[in-house]
**Student:** 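Mind looking over this structure? Questions follow.
Residue numbering restarts at 1 for every chain, and letters A, B, ... go by the order of the sequence lines.
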2 protein chains.
Amino acid sequence: MGNEKELLNVSKATIGRLPAYHRYLQEKLAAGERTVSSTAIAEDLHLNAVQVRKDLSAIAREAGKPKLGFAVADLIADIDRFLGYDNLNDAVLVGVGGLGSALAGYSGFKNYGLNIVAAFDADPARVGTSVGGVKVFPAEELARLVRRLNVLIGIVAVPREAAQGVADELIKGGVRAIWNFAPVHLNVPADIAVKNEDMAASLAILSQRLAEILNSEK
Amino acid sequence: MGNEKELLNVSKATIGRLPAYHRYLQEKLAAGERTVSSTAIAEDLHLNAVQVRKDLSAIAREAGKPKLGFAVADLIADIDRFLGYDNLNDAVLVGVGGLGSALAGYSGFKNYGLNIVAAFDADPARVGTSVGGVKVFPAEELARLVRRLNVLIGIVAVPREAAQGVADELIKGGVRAIWNFAPVHLNVPADIAVKNEDMAASLAILSQRLAEILNSEK
DNA sequence: GTTCATTCGATATTTTTTTATCGATAAAAT
DNA sequence: ATTTTATCGATAAAAAAATATCGAATGAAC
């Protein structure tokens, strides 16, 4: 893989914005636009134009052209490449309750390079069924099957109480990255990546912004 | 409300971490611990101790004590107060498909100060039913009902194609903050707060970290 | 062809966020 | 009582991220 150099130069903040650019660019492409300027992107996405240029130049192979901007299709390809959207990563999903089955059913993940190959649940009634095209296995088989499938990403969508145990099993099975939707802090070794999908944090930020808006207008 | 001064000094980054502290502290409280040090929090949450102290001192009323640390219960109360967890904000939910009903069913939101008072869906089969204790109304009534209920927060959990239209209706109804779970960029006036629950962005960051980990170990 | 307006990339500046350092304090140990 | 040690808060330094500035390039208008 030839992106070792890239990994170093691209900031976390930039990476977080790339998917938004990606979606935006696809809209533009669908609308038949061939090129787009950083100014336009910035305006629509409520960002700073310089920031957009910097973000894009960090991952783009072709430079933007004065007066025209960037080639939409090229940029999409660049982001695909950088984010690995074009080669699928296998993952397992643990917990197919409300949220879990919503995740399993979301076909869009494939577009983001994520391929859910198996699901697990502790509830015998769910075992053996298929959710969103993904087979559900008993929780007891978790570690063993993960190891056999050679999966590196685990998605945790179980109730709070069960999350830590699930994480432990995933790690035992060889998983190296955990996407955690349970509202708990997971205790894991330092060499395991955890990304908390922290709804509470999002909500906190939204509420704060709402408060600011309401405050500022009176 | 006496937190105008607070709003200014507390950084967005800090606000994003507060819910994690909150959960952590509640675990500690449940475990019977009276006090906790910034060092311990930092270690368990994989943060820097100075950062933790700064975050906490930004919202805490009582200072930490040398050799003991902070009073767990006080800190929880301080975060509750700062984040408004103790006074509920009403919200409406639009879209009760897989993700939407998972959200409606998640009772934990009440703990985060969010109270879903009504849900909407375009599918007549869903209208009239109740999801997670929340009644589902027809999409046509959205703007009218939102206005009548005087709700300021809207949660968008509809398919991509429908999201912009829903956002428009919400705003027409008087909503000032939108929590967007649809994978699209919403076009809204500048005085409306939007928080995108951007799964793709989270996934991008997780993948990147996974790549780093795998890279560093070989 | 010349001018104009738009956009770029590069560099510099500012702001924000994180991390390091250090003296002071108070609980615990001697 | 004295010493030791864990912890704090404050201040300083460093790192990261966002924003501003400006000359150069180039397509479009005249």
**Student:** CD1 of A:Ile15 versus P of D:dA18: gap in Å, rounded?
**Tutor:**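 Those two atoms, CD1 and P, are 12 Å apart.
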**Student:** Give a yes or no on whether a salt bridge exists between A:Glu169 and A:Lys172, defined as a side-chain N under 4.0 angstrom from a carboxylate O.
**Tutor:**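 Yes, A:Glu169 and A:Lys172 are salt-bridged.
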**Student:** So, is B:Ser38 near the phosphate of D:dC8, with a side-chain N or O under 4.0 Å from OP1 or OP2?
**Tutor:**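 Yes, because at least one side-chain N or O of B:Ser38 sits under 4.0 Å from OP1 or OP2 of D:dC8.
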**Student:** A:Trp179 vs A:Tyr112, test: ring-ring contact (aromatic ring centres under 6.0 Å, His included). Steps then yes/no.
**Tutor:** CA-CA 14 Å; A:Trp179 199 6; A:Tyr112 300 141; 9.3 Å; no
**Student:** Does B:Thr39 have a side-chain nitrogen or oxygen under 4.0 Å from the phosphate oxygens OP1 or OP2 of D:dA6?
**Tutor:**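 No, no such contact exists.
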**Student:** Atom OG in B:Ser11, atom CG in B:Asp55: separation rounded to 0.5 Å?
**Tutor:**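 If I round to the nearest 0.5 Å, the distance is 6.5 Å.
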**Student:** Which listed nucleotide (D:dC8, C:dA20, C:dC8) is nearest to the side chain of A:Ser37?
**Tutor:**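 That would be C:dC8.
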**Student:** Where the side chain of B:Lys67 is concerned, which of C:dG9, D:dA6, C:dA20 is the nearest nucleotide?
**Tutor:**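 The listed nucleotide nearest to B:Lys67's side chain is D:dA6.
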**Student:** Take the protein atom CZ of B:Arg53 and the nucleotide atom C1' of C:dA20, then report the distance between them rounded to whole Å.
**Tutor:**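 About 11 Å, once rounded to whole Å.
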**Student:** Classify the nucleic acid contact of B:Ala49 as base, sugar-phosphate or nothing, counting any heavy atom under 4.0 Å across all strands shown.
**Tutor:**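 The residue B:Ala49 makes no contact with any strand.
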**Student:** Remember a base hit wins even if backbone is also touched, and classify B:Ser57 as base, sugar-phosphate or nothing at under 4.0 Å, heavy atoms.
**Tutor:**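 The residue B:Ser57 makes no contact with any strand.
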**Student:** Which whole-number value in Å describes the distance from B:Arg61 CZ to D:dC8 C1'?
**Tutor:**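 Those two atoms, CZ and C1', are 21 Å apart.
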**Student:** Between atom NZ in B:Lys54 and atom C1' in D:dA12, what is the gap in whole Å?
**Tutor:**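 Spelled out: NZ on B:Lys54 to C1' on D:dA12 is 11 Å.
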**Student:** Given atom CZ of A:Phe70 and atom P of D:dT26, what is their separation to the nearest angstrom?
**Tutor:**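 Computing the A:Phe70:CZ to D:dT26:P distance gives 14 Å.
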**Student:** Would you mind reading off the distance between A:Arg17 atom CZ and D:dA16 atom C1', rounded to a whole angstrom?
**Tutor:**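 The distance from CZ of A:Arg17 to C1' of D:dA16 comes to 12 Å, rounded to the nearest Å.
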**Student:** Give the rounded distance in Å between these two atoms: CD of A:Gln51 and P of C:dA10.
**Tutor:**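 In whole Å, C:dA10 P and A:Gln51 CD are 17 Å from each other.
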**Student:** Any ion pair linking A:Asp74 and A:Arg81 (charged N to carboxylate O, less than 4.0 Å)?
**Tutor:**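 No.
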**Student:** Without decimals, in angstroms, what is the distance between A:Lys65 NZ and D:dT26 C1'?
**Tutor:**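 From A:Lys65 NZ to D:dT26 C1': 10 Å.
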**Student:** Is the centre of the A:Phe109 ring less than 6.0 Å from the centre of the A:Tyr106 ring?
**Tutor:**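 So the answer is yes for these two rings.
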**Student:** B:Leu68 side chain: which of C:dT18, D:dT19, C:dA27 is closest?
**Tutor:**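 Output: C:dA27.
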**Student:** Which nucleotide wins on minimum distance to the side chain of B:Pro66, given the candidates C:dT25, C:dT17, D:dA25?
**Tutor:**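 Out of C:dT25, C:dT17, D:dA25, the nucleotide with an atom closest to B:Pro66's side chain is C:dT25.
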